[in-house]
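Below, chains carry the letters A, B, ... as their sequence lines are ordered, and counting in each starts from 1.
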Amino acid sequence: MTELALLLISALLVNNFVLAQFLGLCPFMGITKGYDTALATGLATTFVLALSAVSSYLLYHGILVPLGLEYLRIILFIMVIAGTVQLIEYYLQATSPVLHQLLGIYLPLITSNCAVLGVALLAVDQGLTLLQTLIFSVGAAGGFTLVMVLFGAMRENLIHDDVPQPFRGTPLALLSAGFMSLAFMGFQGVLS
Amino acid sequence: MGEPKTKQTRTFSDGVLKRNPAWIQLLGLCPLLAVSTTVVNALGLALASTFVVVGSNVCISLLRKFILQNARLAVFVLVIASFTTIATLLLEAYAFALYMKIALFVQIIVTNCMILGRAESFASRQSVGKTFLDALGTAVGFSIALIGLGGIREILSQGTLLAGAELLFGSAAKGWTITLTDGGLWPLAGFAPGAFIVAGLLFALVKSLGRASTEQPPMQLKGES
């Protein structure tokens, strides 16, 4: 039990996917212009990430390993992710138009979010079990959402600040992310 | 036909300068920040990315008449994933020590939006020759950004250049390491926060240079395809 808790905290804070491992930076820089969109993207990503990591795990160990085709995992995983995104979109469209309206435009972008593929690959490469994969992916996605929301809220304020012209936009976002990453480095003490 | 030579060089140089995938379009930020800890790591990923960008775009251009319009994105992704797998296997076979350091980001080339972007907006419409130039320009532009950031971060964090070149070029390259200062001036540059901060400062520099050289705004954000 403690092992699983450590795995969760490690993925959530210590080895935060965005700030320590540089995964999922495209949506982080592109979408976090405000708090609301950041939260919606984070939630949609969490859902896709956990679902696709678990299905990737099952297909990898169920099909590729018995056939000795482990090297095809990139192709398989990217198809699983694209398929998961498509299925969720159909499902939301049919069952919850409100949620579909809210998350609809962010869903297709998740396919090209490297954090989703990264979690699936890392889980397989580290030889995690199914339960560990689930915990790991939830932790990673939770960390992604947390940072997206924090950063989105921060950027809402930064937009109105009077900064020198060359630093407006991306450079300032990167610098702020750097200081946030510095703060997150402090979590490394939690596990040791 | 006889296309003027300047137009061909333009196809290439636009990818390097005007449409630089990393500095101007902000595509492929994850590998740019993650792998730029040293020049050799950056070089390894630059080579792998170049192989995937050029290979997959030329392949898509060759197949463009046979790809169904509705299924095109799925086909593009499959082609890119196949080339990424080949690049992964090649690096694993010939530079295993380096591969172990950058493994995750070599495999993640497949989600780099710059490749899919070029496939959708260029390779699926143009001839093989033009596509080759366009893809090569994009790849060179990305590689320059990656290796440049890698160089700056390596100098700041370790005070060296080309440390560990033997991982990529074999044992003959052991003496290639250039030592500039004894130890790093700013060790943080080798860690995650340093990557963000150095990249942020470089972006600001590129932005102010772009503003000085051209009148039109250099920022041209392109949505993901």
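Of the two parts of A:Ala177, the backbone and the side chain both hold a non-hydrogen atom closer than 4.5 Å to a non-hydrogen atom of chain B. For B:Ile80, no part lies under 4.5 angstrom from a heavy atom of chain A. Interface remark: A:Arg73 contributes side-chain atoms only to the contact with chain B (heavy atom separation under 4.5 Å). At a 4.5 Å heavy-atom cutoff, the contact between A:Met79 and chain B is made by side-chain atoms alone. The part of A:Val18 that comes within reach of chain B is its backbone (N, CA, C, O), which places non-hydrogen atoms under 4.5 angstrom from that chain.
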Q: Start with the C-alpha distance between B:Phe196 and A:Phe179, add both sets of side-chain angles, then the distance that settles ring pair (Phe, Tyr, Trp, His ring centres under 6.0 Å), and finish with yes or no.
A: CA-CA 8 Å; B:Phe196 284 109; A:Phe179 293 118; over 10 Å; no
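Distance CD1/A:Ile75 to OG1/B:Thr85: 4.0 Å, rounded to 0.5 Å. Atom CG of residue A:Leu121 and atom CZ of residue B:Phe105 lie 11.0 Å apart, to the nearest 0.5 angstrom. With rounding to the nearest 0.5 Å, the separation of SG in B:Cys30 from CZ in A:Phe17 is 11.5 Å.
Taking both residues in full, the closest heavy atoms of B:Thr111 and A:Cys114 are given as OG1-CB, 3.2 Å, listed atom of the first, atom of the second, then distance. Residues A:Leu19 and B:Ala192 come closest through the heavy atom pair O-CB, 3.3 Å. Nearest heavy atoms, B:Gln107 versus A:Leu117: O-CD2, 4.0 Å. The two residues B:Pro193 and A:Gly178 have their closest heavy-atom pair at CB-O, 3.5 Å. Shown here for A:Pro171 and B:Ala204, the closest heavy-atom pair between the two residues is CG-N, 3.7 Å. Annotation for B:Ile197 and A:Leu175: closest pair O-CD2, 3.5 Å, computed over non-hydrogen atoms.
Exactly one residue among A:Ile78, A:Ile81, A:Thr111 makes a side-chain contact (heavy atoms from CB on, under 4.5 Å) with B:Val77. That residue is A:Ile78.
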